[in-house]
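Remarks on the structure that follows.
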Amino acid sequence: MDKNVSFHYDSELQTTAHFFNKYVEETLGFQLIKHSKPDRNSITFQYDETIENEEGYEILVDTSQIIIKAKTEKGAFYAFQTFRQLLPATVETNSVHLRNLYIKDAPRFTYRGMHLDVSRHLFSVAFIKKYIDLMAMLKMNTFHWHLTDDQGWRIEIKKYPELQNIAAYRDETLIGHYNDTPQQFDGKKYGGFYTQEEIKEIVQYASERHVTVIPEIEMPGHSQAAIAAYPNLGCTGTTVKVATKWGVFEDIYCPKEETFTFLEDVLDEVMPLFPAKYIHIGGDEAPKTRWKACEHCQELIKKEDLKDEHGLQSYFITRMEKYINSKGKQIIGWDEILEGGLAPNATVMSWRGTNGAVEAAKAGHNVIMTPTSHAYFDYYQSDNEDEPLAIGGYLPLEKVYYFDPIPKELSTEEATHVLGAQGNVWTEYITTPEQVEYMAFPRAIAMAEVNWSNPRQRDYQDFTYRLSHFHKRLDTLNVNYANHLYEIEGNVVTRNNQLVFDLQTIIRDKTIRFTTDGSSPNLQSEKYTPYLPIEGSTVLKAAVFDNKQKLGRDFELIFNKHAAVGATISLEPKPHKAYAGSGSKGLVNGVSGSNTRFGDKEWLGFWGKDVTITIEFDKPTKISSVSTRFYNANGQWIYAPKEIGISYINEEDGRTLHQVNQVTTADTTLVPHTFQIEEITTKHIEIFIPNYGTIQDGLQGAGNKAWTFLDEIIVK
Ligand code: ACM
Ligand code: ZN
């Protein structure tokens with residue numbers, strides 16, 4: 001393909017054809033000249049009515065021509081995106097060679113979304129455009145713009161100037177993690193908003209890329225910023241501040257006429273800015289504390305013959321839905337809008353797992369899948385200790401890639417209500433555009449594939465191989481993606497009665513090199529081949545290399561040989577399934593857990609239960625100490641036990657000995673504990689760990705049982 005090829009397009013596809021030609025000019029340095037009819041060496045955008053899917057397309061490349069067929073500009077646009085990916089990541093000459101090929105392609109789902117929260121942190125118009133460009137490159141077609149929340153109102157509403165003067169700014173912002181004690185604040189005013197002109201510009205920009213923008217105006221909860229500006233919108237009428245930290249707040253809209261007038265006025269300004277069919281009205285996390293104590297709310301419940309405050313939430317949403325429907329639009333709400341009865345025409349966005357989606361789809365409502373388990377890109381994507389601070393959780397790339405948006409509980413008929421899936425980027429802990437990119441990429445690429453391709457074609461190995469090449473495109477586009485492809489997964493396992501290190505990496509055509517002397521591995525270090533026998537306590541360091549350089553980061557596994565390594569261990573009860581680590585064996589594999597994360601495979605978590613651990617040695621073993629560590633992160637409901645007991649049978653006289661120790665907990669995340677034992681010989685140790693008990697009032701998780709987390713049990 002060079003400047004001598006002739007260019008043709010049918011008028012039905014002319015917008016995309018021009019877009020394409022502009023791209024050719026930007027990358028190859030020349031414009032294609034339009035000829036009246038195709039001849040040799042031509043590129044043609046051909047309108048084809050017979051293509052079934054609105055967004056489908058075909059591409060044919062042979063020795064003399066390139067033909068792109070579509071029924072709509074959308075289909076042609078996606079053909080163009082695929083075409084881009086056929087070109088080299090960086091084009092340095094003014095001619096490129098394409099392979100002969102034929103592609104026939106169409107998406108699986110019609111809703112292919114990415115979300116961005118601009119309330120917790122604000123991002124420039126230029127960055128929003130870049131985000132939209134990246135979405136369009138991935139054939140995503142919906143941008144869910146989270147514009148209002150407790151920490152800031154971000155859309156200009158001319159009728160209510162205090163939204164701009166007050167609701168758009170907070171006095172300061174929490175720094176560090178919410179769970180840090182004490183919480184700390186930066187003391188700096190923060191905020192801003194998008195003017196209606198800027199919004200129009202973004203919506204137009206998105207529309208040229210076939211991306212629909214859905215605005216979210218939260219109600220009745222997550223509205224403290226608006227109530228700060230107009231205190232009468234709340235139940236108490238007292239002044240609150242725009243929130244300066246994260247979480248769920250009790251000051252929510254009071255369902256009085258004044259509030260409905262305000263929200264209708266707001267929507268009257270919002271709706272004309274967004275040609276999309278949908279308006280997202282939030283609906284999530286609305287505590288009912290104020291409504292329970294509010295005379296007006298209680299009277300309304302009686303007057304409308306509602307069951308309770310959930311009924312009142314349903315009344316609120318249904319009333320707003322009616323208003324929005326009357327303007328020819330439909331609502332989307334988070335799955336809490338199911339509580340107390342679903343508004344008749346609502347689409348449900350399922351985030352607290354998939355039960356909400358199942359219930360709504362069975363009731364004949366459309367659903368969009370964004371479960372925290374597979375779609376929350378604000379969660380950690382790696383358990384490396386040096387990941388940037390995030391809200392918590394763990395959602396690695398592979399898990400996103402294998403997400404199936406259709407819940408198993410749905411019949412084929414019910415499954416037609418699943419419109420598609422969306423990656424969510426909440427920004428409490430994401431302060432810069434670079435960090436948005438880091439959290440969103442590459443997980444958004446996996447989500448794009450989830451939404452587009454046939455699940456039978458899903459192959460993570462193949463995906464990561466393609467992704468490793470796609471990195472070059474992301475580099476060219478200046479995207480700060482996270483790269484965890486060249487990381488090593490390491491375990492201590494038993495092969496033929498011998499303890500060995502087992503190292504794995506997802507990219508198969510690369511080499512692992514390692515050291516055992518504590519130094520960082522380099523190109524001269526020994527090559528790893530499965531498996532590496534373990535001789536004794538070892539600091540193993542390894543990394544992935546190609547033949548020129550180290551590709552990833554150093555992996556480190558500290559193996560600490562002690563008397564219980566490889567002993568038989570049993571647990572009563574089993575750990576909670578969300579925190580089962582590598583199972584009971586992980587407590588005696590010679591490897592301790594992370595010092596800063598309890599979600600790795602060495603930590604085991606038990607919820608609200610007393611735990612008994614039994615260790616059996618196959619021959620009498622001399623012991624003088626037994627130690628372990630407890631995790632202590634009270635903000636996440638995790639508490640070290642108050643005491644711990646041990647018993648063991650002295651082989652020499654057959655007597656059972658017991659010892660109970662108080663565990664001294666300080667304000668530290670790690671609480672180590674050691675039993676000193678008068679040197680004896682034993683084949684049997686039992687450790688008893690009573691649960692901490694119920695969490696006190698006034699603390700995170702109050703009234704719930706605490707979690708117990710422990711890692712390696714070291715016997716010397
Ligand atoms: C949500 O994450 N609160 C929808
Ligand atoms: Zn009220």
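In each ligand, atom 1 is the first atom listed, and ligand 1 is the first ligand listed.
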What angle, in degrees and rounded to 10°, do you get at the Zn ion (ligand 2) when you join it to SG of C297 and to SG of C294?
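That angle works out to 100° after rounding to 10°.
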
Metal-centred angle, SG of C235 through the Zn ion (ligand 2) to SG of C254, rounded to 10 degrees:
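Value returned, to the nearest 10°, is 100°.
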
Gap separating the OG atom of S350 from the CD1 atom of I368, nearest 0.5 angstrom:
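That separation rounds to 10.5 Å.
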
Point-to-point distance, once rounded to the nearest 0.5 Å, from CH2 of W334 to CG of D284
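Those atoms lie 6.5 Å apart.
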
In ligand 1, which numbered atoms sit nearer than 4.0 Å to a non-hydrogen atom of E285?
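Within the 4.0 Å cut-off of E285, ligand 1 contributes 3 (N).
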
Where ligand 1 meets W426 - atom numbers and elements under 4.0 angstrom, heavy-atom basis:
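Numbered from 1, ligand 1 contributes 1 (C), 2 (O), 4 (C).
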
Hydrogens and angles aside, do E339 and Q313 bring a side-chain donor and acceptor to less than 3.5 Å of each other?
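No, because no side-chain N or O of E339 sits under 3.5 Å from a partner of the opposite role on Q313.
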
N or O contact, D284 vs ligand 1, cut-off under 3.5 Å
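N/O-N/O distance under 3.5 Å: yes.
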
Counting both backbone and side chain atoms, is some N or O of H222 under 3.5 Å from an N or O of ligand 1?
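Looking only at distances, the answer is no, because the N/O contact criterion of under 3.5 Å is not met.
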
What's the shortest distance from atom 2 (O) of ligand 1 to any protein heavy atom, and which residue and atom give it?
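Result for atom 2 (O) of ligand 1: Y376 OH, 2.6 Å.
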
Please find out if the Zn ion (ligand 2) and some N, O or S atom of H296 are separated by less than 2.8 Å.
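So H296 does not count as coordinating the Zn ion (ligand 2).
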
Would you name the heavy atoms of K329 and N325 that are closest together and state the gap between them?
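Answer, listing the atom of K329 first, then N325: O-ND2, 2.8 Å.
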
Test F709 against every option in Y579, W603, Y639 by the ring pair (Phe, Tyr, Trp, His ring centres under 6.0 Å) rule and name the one that passes.
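For F709, the ring pair (Phe, Tyr, Trp, His ring centres under 6.0 Å) check succeeds only for Y579.
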
Report yes if some heavy atom in the side chain of I217 is under 4.5 Å from a heavy atom in the side chain of I281; otherwise report no.
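No - every pair of side-chain heavy atoms lies 4.5 Å or more apart.
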
